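Because the structure is a prediction, the values reported are computed rather than measured. Chain naming here is simple, since letters A, B, ... match the order of the sequence lines and numbering starts at 1 in each.
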There are 2 protein chains.
Amino acid sequence: MDFYKNEPSLLLAVDCIIFGFNGESLEILLIKRGFEPERNKWSLMGGFVQPDENPQQAASRILKKLTGLEDVYMEDCGIFGDPDREKYGRVVSIAHFALIDTHQYQHIISEEFEARWFPLKEQPELIFDHPQMIEKAKQKLRMKAALYPILFELLPEKFTIPQIVALYEGVYDTELDTRNFSRKLLSSELIIKLKEKDKENSKKGAFYFRLNKDIYKEKIMSFLSYLPSWSLNG
Amino acid sequence: MDFYKNEPSLLLAVDCIIFGFNGESLEILLIKRGFEPERNKWSLMGGFVQPDENPQQAASRILKKLTGLEDVYMEDCGIFGDPDREKYGRVVSIAHFALIDTHQYQHIISEEFEARWFPLKEQPELIFDHPQMIEKAKQKLRMKAALYPILFELLPEKFTIPQIVALYEGVYDTELDTRNFSRKLLSSELIIKLKEKDKENSKKGAFYFRLNKDIYKEKIMSFLSYLPSWSLNG
DNA sequence: ACAAAAGTGTTGATGTTACACCCATGT
DNA sequence: ACATGGGTGTAACATCAACACTTTTGT
C-alpha cells in the first residue's frame with residue numbers, strides 16, 4: 001500500500017500578505033521575527049501546514065494567530081518553491097493574501113509578535129523571497145479588482161466615496177476622477193447611501209455608504225463569465 | 001541549525017490540466033493511469049516535485065513527459081490539500097493548467113500513457129479531486145482571458161478568425177457575433193492578415209492571420225494596470 | 001443559379017472623459 | 001466671506017450590439 005514511499009517529502013509553508021486599508025492609504029502588516037532563522041528581521045507572517053489542515057486552513061490559522069480575526073477574505077497568490085530558497089531545509093511556501101479593515105485589527109495588538117503596518121511603498125527589507133510574494137499579491141489583487149469589487153473587503157461597514165477612491169488609487173497607483181468614479185459606483189447600486197456624514201476630512205462632509213451585500217454577491221457569482229474587454233485598442 | 005525539525009513533512013505533487021484547441025473545439029488531455037493507486041482510471045497527468053526542482057519546473061517536466069512539448073504556457077491554478085484527499089498518504093497537489101495547440105501534439109502519441117483528448121463537456125469520471133481542479137482551471141482561464149489575449153497560446157501559427165471565435169465561444173460557453181468580434185480584433189492590430197486562405201470550412205474561404213507578437217507582448221505587460229471595468233451596471 | 005460561410009456598413013444606444021459649476025460648512 | 005473638499009450637469013467623444021447587406025466560390 002506504500003505506493004509513494006520512494007517519493008521525496010518536504011515542508012509546506014504558508015506566508016500571509018496582509019493588506020489593510022485605514023481609510024486613507026493601503027498598508028501591509030509585517031512582523032519582526034522573534035525566532036530563528038533570520039531572527040529580528042522583518043518578514044511576512046507565516047507557518048507550516050499541519051497534518052490536520054489544508055493549506056487554506058493553515059493560512060487562516062496563521063492570520064488569526066497574528067490578528068485575532070476570523071472569516072477574513074483570503075486567497076492564494078503564488079507558489080514559492082525554489083530548491084534553495086531557504087538554507088535550512090526544503091520548504092515550499094504558498095503565498096496568500098488577506099484583505100482586512102485595519103480598524104478591526106488596531107486593538108488586538110499581539111504581544112507575541114512585533115507587528116507593524118507599513119505603507120505599501122515604504123516596505124523595509126524582507127527575508128527570503130518575501131518581496132516577490134508581495135509583488136505577486138499586488139498583481140493578483142489588481143487583477144481580481146479589475147473584474148469584480150473585491151476591494152470592498154478592505155472597507156469598514158461605513159465608508160465614504162472619497163475613501164473608496166483613495167483605495168482604488170492606492171491599489172492601482174494612479175489618480176482617478178472622484179466625480180466620475182462615484183457616479184459609476186452609484187449607478188451600480190452596489191452601495192447604499194446613509195443619512196450620516198463624515199465631517200473629519202472636509203467642511204461639507206461626505207456621506208457614508210454601506211455595501212449592498214445582495215448586489216455584491218451577485219457580482220461575485222457572475223464575474224467568471226465576463227467576456228474579454230481587453231482594451232484591445234490603445 | 002535544525003530549526004524546522006519538528007515540523008510535519010508531506011508529499012507535494014503537481015497535476016496538469018492540459019487544454020488544447022484543434023481549430024474547432026476546446027479539449028482537455030487525460031491519461032488512463034497505468035500505475036497504482038487507482039490504476040486504469042482516467043486522471044490528469046501528475047507527478048511529485050523532486051528535490052532539485054521547483055513546482056513550476058515539476059509541472060513542465062511532467063507536461064513534457066506526456067506530450068514532448070517544451071516552452072508551453074503554464075500557470076498554477078489552485079492548491080488541493082485536504083488532509084484526506086488521498087488514501088495512501090498526505091499529498092498536497094498544485095494544479096497547473098497548460099495551453100497547447102493540439103496539432104503540435106498529435107504525432108507524439110506517447111506509448112507509455114494511454115492519453116486521449118476529451119471535449120470539455122464530455123469528461124469521463126476522474127479520480128480524487130481532479131474534477132474540481134479542472135473547474136478551477138476553467139475559471140482561471142476565463143479570468144485571464146477576460147483581461148488579456150491569453151487564448152492565443154492555444155492557436156497555431158496560422159489561424160482564421162472563425163477559429164478564434166470558436167475558441168472564445170468554447171471557453172466562455174456562449175455564442176459570439178463573429179462579425180463584431182473580428183472587427184474588434186482587427187482594430188487592435190493584434191493579428192496580421194496573411195495572403196493565404198483556409199478553404200476547408202467554407203466556399204468563400206477565410207483568410208489566415210498570424211499573431212503580432214510585439215503587440216501581444218505589450219498587452220501582456222500592461223494588463224496588470226487595467227482599471228475596474230466590472231460591469232458595474234447590468 | 002444557389003447555398004453557405006466570410007466579411008462590410010450603418011445605426012441607435014450606451015458608456016466614458018473632461019471639466020464647468022454649484023453645494024455645504026468651519027473658520 | 002471665502003476656502004475647501006463634495007458632488008451634479010453636460011457636451012464631445014468612443015465603443016458596442018444588432019442586423020441588413022455584399023462578397024466569394026463550390027456544387
Summarise protein proximity over nucleotides 19-27 of chain C in one line of letters, 5' to 3': B for base, S for sugar-phosphate only, - for none, counting protein heavy atoms closer than 4.0 Å.
BB--BBBS-
For B:Phe118, give me all partners under ring-ring contact (aromatic ring centres under 6.0 Å, His included), at least two apart in sequence or on another chain.
B:Trp42
Please report the distance, rounded to the nearest Å, between CG in A:Asn201 and P in D:dG7.
12 Å
Partners meeting salt bridge (Lys or Arg N to Asp or Glu O under 4.0 Å) with A:Arg116 (sequence neighbours left out):
none
Interatomic distance where CG belongs to B:Leu185 and C1' belongs to C:dA6 [whole Å]:
15 Å
Using atom types as modelled and distance alone, determine if a side-chain donor or acceptor of A:His130 lies under 3.5 Å from a backbone N or O of A:Ser43.
no
Rounded to whole angstroms, how far apart are NZ on B:Lys195 and C1' on D:dT24?
19 Å
To the nearest angstrom, the CD-P distance between A:Gln163 and D:dG5 comes to 16 Å
Can you measure B:Leu186 atom CG to C:dG9 atom P for me and round it to whole angstrom units?
12 Å
Contacts table for residues 192-200 of chain A: side-chain donor-acceptor under 3.5 angstrom, sequence neighbours left out:
from     : atom 1 : to       : atom 2 : distance (Å)
A:Glu196 : OE1    : A:Lys158 : NZ     : 3.1
A:Glu196 : OE2    : A:Lys158 : NZ     : 3.0
A:Lys197 : NZ     : A:Lys204 : O      : 3.2
A:Asp198 : OD1    : A:Glu200 : N      : 3.0
A:Asp198 : OD2    : A:Asn201 : ND2    : 3.2

Non-neighbouring partners of A:Lys203 that pass side chain to side chain donor-acceptor pair (under 3.5 Å), sequence neighbours left out
none
ring-ring contact (aromatic ring centres under 6.0 Å, His included) involving A:Phe223 - partner list, sequence neighbours excluded:
A:Tyr148
Quickly work out the A:Lys184 NZ to C:dG15 C1' distance and round it to whole Å.
9 Å
Rounded to whole angstroms, how far apart are CD1 on A:Ile164 and C1' on D:dG6?
14 Å
Gap between atoms OH and C1', on B:Tyr208 and C:dA5 respectively (whole Å)
15 Å
